[in-house]
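Every chain is numbered from 1, with letters handed out A, B, ... down the list of sequences. Since the structure is predicted, the reported quantities are computational estimates derived from the model, not experimental observations.
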Amino acid sequence: MADQYDHRSIEKKWQEKWKESKAFAATDDSAKPKTYVLDMFPYPSGEGLHVGHPKGYIATDIYSRHMRMRGHNVLHPMGWDAFGLPAENYAIKNKIHPRVAVEQNIANFKQQLADIGFDYDWSREINTTDPAYYKWTQWIFLQMFKKGLAYQSSEPINWCPSCMTGLANEDLDGDVCERCGTKVEKKRLPQWVLKITAYADRMLEDLGGLQWPEYIKEAQRNWIGRSEGALLKFQITNNKSQIEVFTTRPDTLFGATYIVLAPEHPLVEEFGNAEVKKYVAKAQSKTEIERGAAKEKTGVELKGVKAINPATKEEIPVFVADYVLWGYGTGAIMAVPAHDERDYEFANKFKLPIRQVIEPTYEQTTEPGKIKKGEPFDHREAIIAIVKHWAEDKYIALKWKKVAWGTFITGGIEKGQTPEIAARAELEEEVGYTDAEFIKDFGIVHGKFYHVPKKTNRNAHAHVVYFELRSDARKPVAAEEESIHEMLWLTAEELKKFLTPDTHQHGLRWLLGTQSIYTGNGTLANSGQFDRLESEEAKKKITEFVGGKMTTTYKLKDWVFSRQRYWGEPIPIIHCPTDGAVAVPEKDLPVLLPEVTSYEPSGTGESPLANIQEWVNTTCPTCGGPAKRETNTMPQWAGSSWYYLRFMDPHNDTALVDPKKEKYWAPVDVYVGGDHAVRHLIYARFWHKFLYDIGAVSTTEPFARLEFLGFILAEDGRKMSKRYGNVINPQTVVAQVGADTFRLYEMFMGPFENTTAWNPASINGVSRFVERVWKLQDAVQESAVPALDTIVAQTVKKVGDDIEAFKFNTAVSQMMILLNAVEKEKTIGKAQWMQFLQILNPFAPHLAHELAERAGFVTTDWEQWPTYDATKLTAAVLSLGVQVNGKLRGTVELAPTASQEEAVAAAQANAVVAKWLSGADITKVVYVPGKILSLSVKSA
RNA sequence: GCCGGGAUGGCGGAAUUGGUAGACGCACGGGACUCAAAAUCCCGCGAUGGCAACAUCAUGAGAGUUCGAUUCUCUCUCCCGGCACCA
């Protein structure tokens with residue numbers, strides 16, 4: 001009998017062995033294929049790790065151990081992202097120097113990680129606050145400075161009065177500081193800014209080739225916020241200057257009936273009277289969020305100024321309103337109330353003219369009538385007649401007999417006819433009614449579809465006209481007409497479901513008054529020579545016509561990169577009275593963060609470094625005269641924007657990474673993490689692309705595949721937090737149930753990407769699994785057990801596939817299924833046992849190693865990924881479901897190789913199936929070997 | 001409002017080139033062992049009816065395609081995430 005499983009001593013034993021043998025060190029010059037597996041490195045906070053943090057680390061540990069077993073040279077490193085506000089705030093609060101606090105916290109984190117038995121290559125450990133590391137963070141900044149991508153600006157920035165520092169847009173949660181929840185203010189401060197917008201297009205384009213979760217890619221696209229449009233100039237009547245607007249809809253220019261400027265627009269100050277100035281002052285006291293939350297549009301006219309619509313040459317008024325944002329586009333818009341919701345709302349309030357210039361246009365995208373691509377269109381003037389019953393609230397509808405269509409009365413307009421006359425003719429011809437009163441012409445709607453009988457693409461320009469019958473007076477209808485469609489009387493509700501073409505649905509909404517203003521692309525009207533052009537084409541032509549230019553804008557803003565705080569990388573710039581901002585020579589890097597006793601923020605908008613005279617005062621590298629150092633520091637995101645490169649070559653003193661090593665290891669094959677990811681990923685991709693452009697790295701993207709993890713909540717369903725007192729320390733759990741049980745449990749909780757609550761009761765399940773596997777070593781026999789062949793092969797395949805796909809929960813489940821099968825057989829062959837331990841090893845390495853050693857397996861043998869016999873994946877006899885008329889009526893034991901005749905015979909021999917077959921003829925047999933036998937019967 | 005993802009037993013969740021829904025685990029119920037308890041082992045466990053054999057219903061709701069739908073199509077409801085007066 002095996003002794004009791006003592007996880008404490010066994011885990012300690014193997015962790016020490018791995019440490020001594022440097023089992024997980026990656027080599028840089030291996031002939032093996034490489035795999036780079038990376039965790040988002042942690043911020044070593046004072047709170048330490050809770051059980052949620054290691055979830056991703058367990059996954060990468062399993063993945064990398066498994067890849068190593070498959071013969072890969074695996075890089076799986078760990079490091080510390082230790083600069084930034086939280087570490088500094090923690091230090092201030094606990095009256096301890098940030099450097100000391102960081103050291104203590106790292107030591108704590110490392111011990112917590114060690115207990116779980118991870119395979120990190122600690123010889124490559126990095127720390128962003130280490131001068132040997134941040135030397136290269138500063139170096140990257142200097143390269144950007146030299147290329148003009150790091151520049152100084154004094155635009156107003158977000159200022160957190162509590163953290164006493166400027167923040168980037170990305171650091172905000174709405175209009176509050178994401179760190180402390182304080183509402184941010186706008187403050188004008190000299191800032192260093194990185195030109196991330198120069199990379200916006202490339203960051204967008206390259207997303208396509210990445211193996212990332214769709215929602216992360218989508219978040220990146222949202223954040224970049226690219227939009228294509230045109231810049232158009234409007235001349236001002238009493239002045240030589242012009243107003244430039246950005247619009248995505250230059251095709252609506254003929255409908256632009258006024259101009260709106262953002263309150264911050266320079267012309268506002270130039271022309272504004274007292275009333276305008278009052279409005280501007282009020283608008284500026286509000287944050288952008290408050291402006292957005294306003295229920296009603298506000299604004300004020302800029303009296304005495306008119307603009308000229310360059311298309312219509314009309315003079316139009318100019319307004320100031322805070323629904324136009326200074327930070328986007330040109331801070332000025334042309335307002336087209338007929339085709340924009342916001343402009344429409346504003347125009348209604350201020351009684352401004354609304355001019356329709358786009359007519360709705362629909363394309364049929366489904367059969368019948370789906371447009372044939374590439375074929376030309378014929379154009380036809382047409383009518384859609386809505387005809388109301390003489391007494392009831394019902395309308396004439398036509399149900400088409402040859403195609404599955406439902407429509408109103410519809411037809412063409414002959415030469416010389418008005419829409420009304422054409423509609424009356426169709427009414428009489430198609431359904432015979434003669435006593436109709438014309439009520440209204442709603443307008444034109446365009447429908448593009450494939451005309452099936454005429455075999456051509458057609459664009460029908462249909463007037464939607466409305467009639468009410470006065471009586472049921474009716475002429476006979478030709479038989480030919482009756483064969484085409486059937487007439488129905490339907491209510492508006494019924495029509496909503498009945499009408500097939502979008503154009504007819506649009507007409508119905510006009511009738512009911514539920515059609516709001518049309519904001520889609522369409523066909524131009526009231527636009528001079530551009531009438532009947534479609535939006536896409538008109539955009540270019542109208543822009544050209546008025547001398548504007550097509551352009552692209554982004555929501556993404558350049559990255560505000562200065563922080564007025566102590567605990568960050570000093571920005572390596574020297575300000576010289578004669579030479580301006582000068583780069584610190586590369587040989588002088590790193591610019592060390594000075595040791596100080598007081599590092600609290602000054603709050604004046606100046607960094608605490610500004611007070612250290614002996615550090616600030618220096619000489620200009622260019623002219624040698626007296627000069628001052630830049631005193632702002634970099635944001636927390638700086639160090640984490642390139643750390644994955646440093647792991648490839650962590651001790652290099654002459655380059656950020658040796659090109660040979662970079663070429664071997666790049667890119668990161670699997671990157672695993674959660675939280676904060678949109679920003680980190682945008683910044684890292686930006687820096688990476690820059691480094692690619694200057695030849696420092698060889699790939700255009702840093703992370704080929706990204707796996708995002710779901711968090712672990714506390715038992716109470718809330719986030720784990722000191723505040724709620726619901727934090728569970730992994731060390732406590734490991735001490736109780738062992739590292740392997742802990743690892744298996746976190747992987748078995750559910751899909752990796754799901755957020756799930758911690759459930760101690762569920763740990764029992766995996767704990768039992770570990771105990772039962774341990775006991776199995778007594779059941780091992782020399783010869784293989786044939787009854788286990790199939791399940792062993794299936795398990796080896798599935799566990800391997802599942803690890804690759806990050807489906808760890810089903811991998812664990814499959815191993816449990818194998819265990820159940822072995823216990824049922826009461827024994828397992830030695831070779832089969834080895835395979836079991838091989839696939840278990842990445843999940844429960846301590847247990848697997850101990851059992852392998854006790855079984856006498858040789859390391860070089862068992863520490864590789866097992867192969868399986870593909871011919872054994874399918875059992876010789878399977879249970880096959882038998883359906884009769886689509887319902888399962890029984891199962892039969894059958895070889896998957898059996899013929900249809902054999903299958904039907906077996907089914908007929910089954911008593912329950914036979915009952916359902918008796919007295920009936922089999923009319924159809926569908927047999928999918930190994931899957932299903934489906935019989936259709938009809939009673940005789 | 002727009003975009004992305006989702007909804008399956010008491011619970012976490014399985015099952016997708018459409019093929020026996022509920023794997024695996026937890027919890028729960030019954031039994032064995034024990035003086036007793038824990039641990040362990042065995043049996044049961046979607047709902048309804050039935051002693052049972054079995055039947056009917058069931059994967060958010062409703063339609064459709066199909067021999068067959070958790071899986072595909074359409075409409076709708078709700079939940080999570082991102083963006084949001086972005087012109």
Answer with base, sugar-phosphate or nothing: what part of the nucleic acid does [X] contact at a heavy-atom distance below 4.0 Å?
X	value
A:Arg889	sugar-phosphate
A:Trp916	sugar-phosphate
A:Lys887	sugar-phosphate
A:Arg768	sugar-phosphate
A:Gly886	sugar-phosphate

message: Is the ring pair A:Tyr323/A:Phe346 parallel, tilted or perpendicular, if the boundaries are 30 and 60 degrees?
response: tilted

- Message: Below 30° counts as parallel, above 60° as perpendicular, anything between as tilted: where do the rings of A:Phe808 and A:Phe752 land?
- Response: perpendicular

Work out how far the P atom of B:U17 is from that of B:C33, and round it to whole angstrom.
48 Å

Distance between the P atoms of B:A69 and B:A61, in whole angstroms?
15 Å

In whole angstrom, give the distance that lies between atom [atom1] of [X] and atom [atom2] of [N].
X	N	atom1	atom2	result
A:Leu818	B:A23	CG	C1'	15 Å
A:Asp502	B:C74	CG	P	14 Å
A:Arg772	B:C24	CZ	P	11 Å

Ranking B:C67, B:A87, B:A27 by distance to the side chain of A:Ala761, first place goes to B:A27

Against the side chain of A:Tyr328, the closest entry in B:C86, B:A55, B:C26 is B:C86

Note to self: Distance alone, cut at 3.5 Å: any donor-acceptor contact between the side chains of A:His506 and A:Tyr362?
What the structure shows: yes

- Compute whether any side-chain donor of one residue and acceptor of the other, for A:Tyr258 and A:Asn309, lie under 3.5 angstrom apart. no

Given the 90°-from-0 boundary between syn and anti, B:G9 should be labelled syn

- prompt: Does the separation of the ring centres of A:Phe769 and A:Trp774 fall below 6.0 angstrom?
  reply: no

Heavy-atom contacts, protein to nucleotides 4-22 of chain B, under 4.0 Å, summarised as B (base), S (sugar-phosphate only) or - (none) per nt, yield S-------BSS----BB--

Stem ranges of RNA chain B by first residue number, counting only runs of at least 3 Watson-Crick or G-U pairs under 3.5 Å, come to B:1-7 with B:77-83, B:10-12 with B:24-26, B:28-32 with B:40-44, B:46-49 with B:54-57, B:60-64 with B:72-76

So, A:Tyr279 side chain and A:Asp322 main chain: donor-acceptor pair closer than 3.5 Å or not? yes

